[in-house]
Chemist: 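Here's a structure for you.
Predicted model, so just to flag it, every value in this text is computed and none were measured. In what follows, chains carry the letters A, B, and so on, assigned in the order in which the sequence lines appear, proteins first and then strands, with residues in each chain numbered from 1.
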2 protein chains.
Amino acid sequence: MDAQARVVKTLAHPTRLFILEELARGERCVCELTEMVGADVSTVSKHLSLLRTAGLVQDDKRGAQVYYSLRCACALSFFSCIDEVLQTVARQHTEETLK
Amino acid sequence: MDAQARVVKTLAHPTRLFILEELARGERCVCELTEMVGADVSTVSKHLSLLRTAGLVQDDKRGAQVYYSLRCACALSFFSCIDEVLQTVARQHTEETLK
DNA sequence: TGGCTATTTGGCTAAATTACCAAGCATGGA
DNA sequence: TCCATGCTTGGTAATTTAGCCAAATAGCCA
């Protein structure tokens, strides 16, 4: 498959977006993320696995815990991109409603 | 679902990314896109429908044809975002191989 | 009107995705 | 060593997505 699409696909899930956003604040271990996400640990672990495979995050095993962190600060510029799209779409929607 | 994730999901398909990239060059009708994509017309039509629903493209019916165009120039900054991620990941991969 | 082209929509199947539970594996402390 | 904790992996069921074919719709022109 297309390399671009593979990256985008990895980002295309609310939980994974949330995790990236959270890791942007600093590293977090799986149990912290699990608590924040509110899903089963195994589910969160699999999301992290996908993000790691895509090269977006990296893990650091320290004792019994595994700390994840962003590997790409650029993953953040992604959010501004998405929001720019969302704002533009919302603006256009408003304009059309006013017509 | 999360609004951000919904947008990203819409972009998370090679054909849809291709279409956006192509529309960035200018408007195209469904049959032109279909020929370029090389899938069934109905398949392409459905991809376009998803992109339209997400507010990323707009359609303009002219005679028997329907011309699609970008609704958001910002959809393009998206590509530079993706590529930035890809390059960073590739670079890191190379560095690790050299270690 | 009839036929042809362009496009969308419905239906169906196959494939991919997601989430949970259970089981397995380390690590660290008692 | 034994047990609890933290995490990952395998299995499975439910849901979503993708693609094609067939059918329906709309515009154009003879």
Side-chain angles (χ1 to χ4, degrees), chain A residues 1-23 26-71 82, chain B residues 1-23 26-71 82:
Chain A
M1 215 230 305
D2 198 46
Q4 290 184 325
R6 218 174 303 123
V7 173
V8 180
K9 232 171 172 180
T10 305
L11 297 165
H13 191 287
T15 299
R16 293 196 287 274
L17 284 179
F18 172 84
I19 289 174
L20 285 183
E21 219 163 8
E22 189 54 36
L23 294 186
E27 59 170 21
R28 298 278 183 273
C29 69
V30 179
C31 62
E32 289 174 320
L33 291 170
T34 298
E35 165 137 26
M36 292 188 249
V37 168
D40 195 89
V41 202
S42 66
T43 301
V44 174
S45 177
K46 280 176 184 171
H47 281 306
L48 287 166
S49 173
L50 286 174
L51 291 169
R52 178 162 24 83
T53 301
L56 296 168
V57 304
Q58 57 196 347
D59 60 344
D60 181 22
K61 300 172 214 291
R62 295 211 284 277
Q65 278 137 319
V66 180
Y67 284 84
Y68 279 86
S69 56
L70 276 195
R71 208 174 160 188
I82 301 171
Chain B
M1 217 231 304
D2 197 45
Q4 290 184 325
R6 218 175 303 122
V7 173
V8 180
K9 230 171 173 181
T10 306
L11 296 167
H13 192 288
T15 299
R16 294 197 285 274
L17 284 180
F18 173 85
I19 289 174
L20 284 183
E21 219 164 8
E22 189 54 36
L23 294 186
E27 61 171 19
R28 298 277 183 275
C29 70
V30 179
C31 61
E32 290 173 319
L33 290 170
T34 298
E35 165 136 28
M36 294 189 247
V37 168
D40 195 89
V41 202
S42 66
T43 301
V44 174
S45 178
K46 280 176 183 170
H47 281 305
L48 287 166
S49 174
L50 286 174
L51 291 169
R52 178 162 25 82
T53 302
L56 296 169
V57 304
Q58 58 197 348
D59 61 342
D60 181 23
K61 300 172 212 292
R62 295 210 285 277
Q65 279 137 319
V66 180
Y67 284 86
Y68 279 86
S69 56
L70 278 194
R71 206 174 162 188
I82 301 171

Chemist: Look at the side chain of Ala39(A) and decide which nucleotide, out of dT7(C), dA16(C), dC20(C), has an atom nearest to it.
Modeler: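 Nearest nucleotide to the side chain: dC20(C).
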Chemist: Using modelled atom types and a 3.5 Å cut-off, is there a donor and acceptor pairing between side-chain atoms of Thr34(A) and backbone atoms of Val30(A)?
Modeler: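 At least one qualifying donor-acceptor pair exists.
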Chemist: Whole angstrom is fine here: how far is it from CG in Leu33(A) over to C1' in dG6(D)?
Modeler: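 Roughly 13 Å, once rounded to whole Å.
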Chemist: Give the nucleotide from the list dC20(D), dC7(D), dA19(C) with an atom nearest to the side chain of Cys31(A).
Modeler: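 When the side chain of Cys31(A) is considered, dC7(D) is the closest of dC20(D), dC7(D), dA19(C).
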Chemist: In this structure, how many angstroms lie between the C1' atom of dG10(D) and the CG atom of Asp40(A), rounded?
Modeler: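 In whole Å, dG10(D) C1' and Asp40(A) CG are 14 Å from each other.
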Chemist: Figure out the OH/P separation between Tyr67(A) and dC7(D), and round it to whole Å.
Modeler: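 Going from Tyr67(A) (OH) to dC7(D) (P), I get 8 Å.
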Chemist: Between Arg16(A) and Thr10(A) (side chain of the first, backbone of the second, donor and acceptor by atom type, cut-off under 3.5 Å), is there such a pair?
Modeler: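 Such a contact is found between Arg16(A) side chain and Thr10(A) backbone.
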Chemist: Rounded off to whole Å, could you give me the CZ-to-C1' distance for the Arg52(B) and dT8(C) pair?
Modeler: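 Spelled out: CZ on Arg52(B) to C1' on dT8(C) is 9 Å.
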Chemist: Closer than 4.0 Å, any side-chain N/O of His47(B) to the OP1 or OP2 of dT17(D)?
Modeler: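 No, outside the criterion.
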Chemist: Is it the case that dC7(D) (base atoms only) and Ser42(A) (side chain only) share a donor and an acceptor within less than 3.5 Å, ignoring hydrogens and angles?
Modeler: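 When only heavy-atom distances are counted, Ser42(A) does not reach the base of dC7(D) through any donor-acceptor pair under 3.5 Å.
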Chemist: Given dT8(D), dT7(C), dA18(D), which nucleotide is nearest the side-chain atoms of Val30(B)?
Modeler: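 That would be dT7(C).
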Chemist: Which part of the nucleic acid, if any, lies within contact of Tyr68(A), taking any heavy atom under 4.0 Å across all strands shown: a base, the sugar-phosphate backbone alone, or nothing?
Modeler: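 Sugar-phosphate contact only.
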Chemist: What is the distance, to the nearest angstrom, from the NZ atom on Lys9(A) to the P atom on dT16(D)?
Modeler: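 Those two atoms, NZ and P, are 16 Å apart.
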Chemist: Quick one: Leu51(A) CG to dT8(D) C1', roughly how many Å, whole number?
Modeler: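 Between C1' of dT8(D) and CG of Leu51(A): 15 Å.
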Chemist: Quick one: label Arg16(A) by what it contacts on the DNA or RNA (base, sugar-phosphate, nothing), any heavy atom closer than 4.0 Å.
Modeler: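 Here Arg16(A) touches the backbone only, sparing every base.
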Chemist: What are the two closest non-hydrogen atoms of Gln65(B) and Cys31(B), and how far apart are they?
Modeler: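 That closest heavy-atom pairing would be NE2-SG, 4.3 Å.
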Chemist: What's the CD1-P distance between Ile19(A) and dC7(D), to the nearest Å?
Modeler: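 Value for this atom pair: 12 Å.
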Chemist: With side-chain contact (heavy atoms from CB on, under 4.5 Å) as the test, would you mind laying out the steps for Leu23(A) and Val57(A) before giving the verdict?
Modeler: CA-CA 9 Å; Leu23(A) 294 186; Val57(A) 304; 3.7 Å; yes
Chemist: Please determine whether a side-chain nitrogen or oxygen atom of Ser45(A) lies at a distance below 4.0 Å from atom OP1 or OP2 of dC7(D).
Modeler: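 Looking at the OP1 and OP2 atoms of dC7(D), neither is under 4.0 Å from any side-chain N or O of Ser45(A).
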Chemist: Taking only the side-chain heavy atoms of Gln65(B) (C-beta and beyond), determine which of dT7(C), dG27(D), dT27(C) contains the nearest atom.
Modeler: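 It is dT7(C).
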Chemist: Just the rounded figure in Å: distance from C1' of dT17(D) to CG of Leu48(B).
Modeler: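 Leu48(B) atom CG is separated from dT17(D) atom C1' by 17 Å.
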Chemist: Using heavy atoms to find the nearest nucleotide of DNA chain D for Asp59(A) and Thr15(B) separately, return the residue whose nucleotide is more 5′.
Modeler: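 This one resolves to Asp59(A).
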Chemist: Do Lys46(B) side-chain and dG10(C) base share a donor-acceptor contact under 3.5 Å?
Modeler: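 Pair found.
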Chemist: Quick check with a 6.0 Å cut-off and a 45 degree axis cone: is Arg62(A) positioned over the face of Tyr67(A)'s six-membered ring?
Modeler: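 Cation-pi check for Arg62(A) and Tyr67(A): passes.
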